Number of protein chains: 2
Amino acid sequence: MTAQTRKPARLDELDRNILRALQADAGQSLDEIARQVGSSKTPVWNRIRKMREAGVMGPSTVVVDPQAIGLDACFFVLIRTSEHEAEWQRTFLAALRARPEVQEAHRLAGEIDYILKVRVADARAYDVFYQALISEVRVFNVTALLSMEEIKTGTALPV
Amino acid sequence: MTAQTRKPARLDELDRNILRALQADAGQSLDEIARQVGSSKTPVWNRIRKMREAGVMGPSTVVVDPQAIGLDACFFVLIRTSEHEAEWQRTFLAALRARPEVQEAHRLAGEIDYILKVRVADARAYDVFYQALISEVRVFNVTALLSMEEIKTGTALPV
DNA sequence: TGTGAAATTTCAAGTCT
DNA sequence: AGACTTGAAATTTCACA
């Protein structure tokens with residue numbers, strides 16, 4: 001159920017064009033997409049179905065402006081730990097998954113063990129999050145990097 | 001055109017519920033959403049329109065599985081620079097925005113000046129990206145953190 | 001504002017070239 | 001395989017409470 005699941009999934013040029021169009025705007029009609037990729041409704045629709053089933057694309061979502069809902073602060077958190085037992089890791093991952101302010105979490109290769117992207121209302125709210133986290137699980141060293149400006153954001157992949 | 005645009009946008013409980021539903025799955029029908037938030041089609045539709053216009057939510061997109069399109073490597077790149085002139089920054093930002101492998105870029109407070117999230121096919125492709133970047137713009141120090149496992153990903157905000 | 005129903009589009013399948 | 005056709009369901013509009 002985790003990590004490193006191989007997804008072969010051969011995609012041709014038409015598939016990639018469809019993905020590009022959908023990433024730009026998933027709310028478009030089939031006709032528009034078909035026109036953009038230079039094909040017709042039926043084949044486009046069949047390919048979308050196939051890619052959905054293959055897990056190439058997940059459900060569609062809307063991107064919400066964080067500031068509009070009062071989430072003005074974004075931190076990247078670098079975490080070093082001394083513990084590497086399975087049990088510790090299990091608790092840690094569960095804690096991360098349970099906290100909605102953690103937008104992203106990766107286990108890393110090298111000196112730094114984990115990196116998190118955390119979105120909160122302000123610095124005060126980050127401290128609350130931080131205190132809660134270190135009380136739940138033992139970590140060796142934590143560095144928080146505060147974002148001053150989002151230069152680029154987006155989930156769009158170069159397909 | 002950049003940074004720190006204030007978006008007051010008063011949202012009530014119904015708005016927030018609608019956002020939650022749309023973040024979970026933007027492909028749902030109006031009827032389903034209305035049922036979930038305990039309202040009816042037209043008011044829900046009006047609020048969605050209003051929030052779209054206000055920029056609270058952007059266009060809907062699909063999340064594409066990176067592995068399915070051969071993007072198996074994910075790096076977080078920490079960048080220190082000695083230059084802080086406006087002209088240098090302009091060039092640097094333009095370079096980041098132009099490169100599709102850069103999924104995210106933030107200007108930071110503190111010792112580290114920038115953090116990037118970069119998605120590429122493999123370590124070799126990362127090196128190509130890295131060489132291209134440092135040939136375009138002078139940077140003092142670059143640290144690349146390789147992700148071994150994506151514990152949590154997603155754009156869903158806790159609205 | 002929210003409600004209910006009408007008209008226009010769009011989806012999703014089946015069939016045929 | 002891709003193009004036409006069709007029934008069902010969705011979106012968007014409009015008049016009313």
Side-chain angles (χ1 to χ4, degrees), chain A residues 6-65 67-70 154-157 159, chain B residues 6-70 154-159:
Chain A
R6 285 282 155 229
K7 297 264 178 59
R10 287 240 151 280
L11 302 178
D12 64 8
E13 202 47 46
L14 180 54
D15 289 318
R16 267 188 281 274
N17 282 331
I18 293 170
L19 281 182
R20 246 187 298 268
L22 285 177
Q23 279 195 122
D25 182 1
Q28 294 173 96
S29 75
L30 264 187
D31 277 322
E32 278 178 89
I33 296 170
R35 192 181 44 73
Q36 276 181 51
V37 303
S39 182
S40 200
K41 280 160 68 167
T42 320
V44 170
W45 186 78
N46 284 330
R47 279 153 186 271
I48 290 178
R49 266 195 68 74
K50 240 174 263 176
M51 289 194 282
R52 278 241 165 75
E53 281 166 18
V56 173
M57 45 195 260
S60 61
T61 54
V62 292
V63 289
V64 174
D65 177 7
Q67 304 213 6
I69 56 175
T155 55
L157 300 175
V159 3
Chain B
R6 284 283 155 229
K7 298 266 178 62
R10 289 239 152 281
L11 302 178
D12 63 8
E13 202 47 46
L14 180 54
D15 289 319
R16 268 188 281 274
N17 282 332
I18 293 171
L19 281 182
R20 247 186 299 269
L22 284 178
Q23 279 196 123
D25 182 2
Q28 292 173 100
S29 76
L30 265 185
D31 277 323
E32 278 178 87
I33 296 170
R35 192 182 44 71
Q36 277 180 52
V37 303
S39 182
S40 201
K41 281 157 66 165
T42 319
V44 170
W45 188 79
N46 283 331
R47 279 151 185 272
I48 291 178
R49 266 197 72 73
K50 239 173 263 176
M51 289 194 283
R52 279 240 165 76
E53 282 165 19
V56 173
M57 46 193 261
S60 61
T61 53
V62 293
V63 289
V64 174
D65 178 7
Q67 303 212 8
I69 55 175
T155 56
L157 300 174
V159 5

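In what follows, chains are A, B, ... by sequence order, proteins preceding strands, each numbered from 1. Remember, it's a predicted structure, so these values are computed and weren't measured experimentally.
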Atom pair [atom1]/[atom2] of [X] and [Y] - distance to nearest 0.5 Å:
{"X": "A:Thr155", "Y": "A:Gln23", "atom1": "OG1", "atom2": "CD", "result": "6.5 Å"}
{"X": "A:Asp15", "Y": "A:Ile48", "atom1": "CG", "atom2": "CD1", "result": "10.0 Å"}
{"X": "A:Ser39", "Y": "A:Asn17", "atom1": "OG", "atom2": "CG", "result": "10.0 Å"}
{"X": "B:Arg35", "Y": "B:Leu30", "atom1": "CZ", "atom2": "CG", "result": "13.0 Å"}
{"X": "B:Leu19", "Y": "B:Leu11", "atom1": "CG", "atom2": "CG", "result": "6.5 Å"}

Give the rounded distance in Å between these two atoms: [atom1] of [X] and [atom2] of [N].
{"X": "A:Ile48", "N": "C:dA12", "atom1": "CD1", "atom2": "P", "result": "9 Å"}
{"X": "B:Asn46", "N": "C:dT3", "atom1": "CG", "atom2": "P", "result": "12 Å"}
{"X": "B:Leu14", "N": "C:dT1", "atom1": "CG", "atom2": "C1'", "result": "12 Å"}
{"X": "A:Asp15", "N": "D:dA1", "atom1": "CG", "atom2": "C1'", "result": "14 Å"}
{"X": "A:Trp45", "N": "D:dA10", "atom1": "CH2", "atom2": "C1'", "result": "15 Å"}
{"X": "A:Lys50", "N": "D:dA1", "atom1": "NZ", "atom2": "C1'", "result": "10 Å"}
{"X": "B:Arg47", "N": "D:dT12", "atom1": "CZ", "atom2": "P", "result": "18 Å"}

Only counting residues at least two apart or in another chain, list the ones meeting salt bridge (charged side-chain N to carboxylate O under 4.0 Å, His left out) with B:Arg16.
->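 With neighbours one apart ignored, the set is B:Glu13.
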Are side-chain heavy atoms of A:Arg47 and A:Asp12 found at a separation under 4.5 Å?
->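 Of all side-chain heavy-atom pairs linking A:Asp12 with A:Arg47, at least one is under 4.5 Å.
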Mind listing the N/O atom pairs, protein and nucleotides 15-17 of chain C, below 3.5 Å?
none

Can you name the side chain to side chain contact (heavy atoms under 4.5 Å, CB included) partners of A:Asp31, sequence neighbours left out?
->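 Once residues adjacent in sequence are excluded, the partners of A:Asp31 under the side chain to side chain contact (heavy atoms under 4.5 Å, CB included) criterion are A:Ser29, A:Lys41.
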Partners meeting side chain to side chain contact (heavy atoms under 4.5 Å, CB included) with B:Gln28 (sequence neighbours left out) =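 With neighbours one apart ignored, the set is B:Ala21, B:Asp25, B:Glu32, B:Ile33, B:Gln36.
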Could you tell me whether A:Pro43 contacts a base, only the sugar-phosphate backbone, or nothing, with contacts defined as non-hydrogen atoms closer than 4.0 Å?
->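 Counting heavy atoms under 4.0 Å across all strands, the contact made by A:Pro43 is with sugar-phosphate only.
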Identify whether any heavy atom of B:Arg49 sits under 4.0 Å from a base atom; if not, whether one sits that close to sugar-phosphate; answer base, sugar-phosphate or nothing.
->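 Counting heavy atoms under 4.0 Å across all strands, no contact is made by B:Arg49.
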Measure across B:Val64 and A:Leu157 and return the closest heavy-atom pair with its distance rounded to 0.1 Å.
->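 That closest heavy-atom pairing would be O-CD1, 3.4 Å.
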Which atom pairs, one a donor and one an acceptor, fall under 3.5 Å between side chains of residues 49-61 of chain B and the rest of the protein, sequence neighbours left out?
from: B:Arg49; atom 1: NH2; to: B:Glu53; atom 2: OE2; distance (Å): 3.1
from: B:Ser60; atom 1: OG; to: A:Gly27; atom 2: N; distance (Å): 3.4

Between residues 30-42 of chain A and DNA chain D, which residues have a heavy-atom gap below 4.0 Å?
->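 Those residues are A:Ser40, A:Thr42.
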Dot-bracket encoding per residue of DNA chain D, Watson-Crick/G-U cut-off under 3.5 Å, | denoting interstrand = |||||||||||||||.|
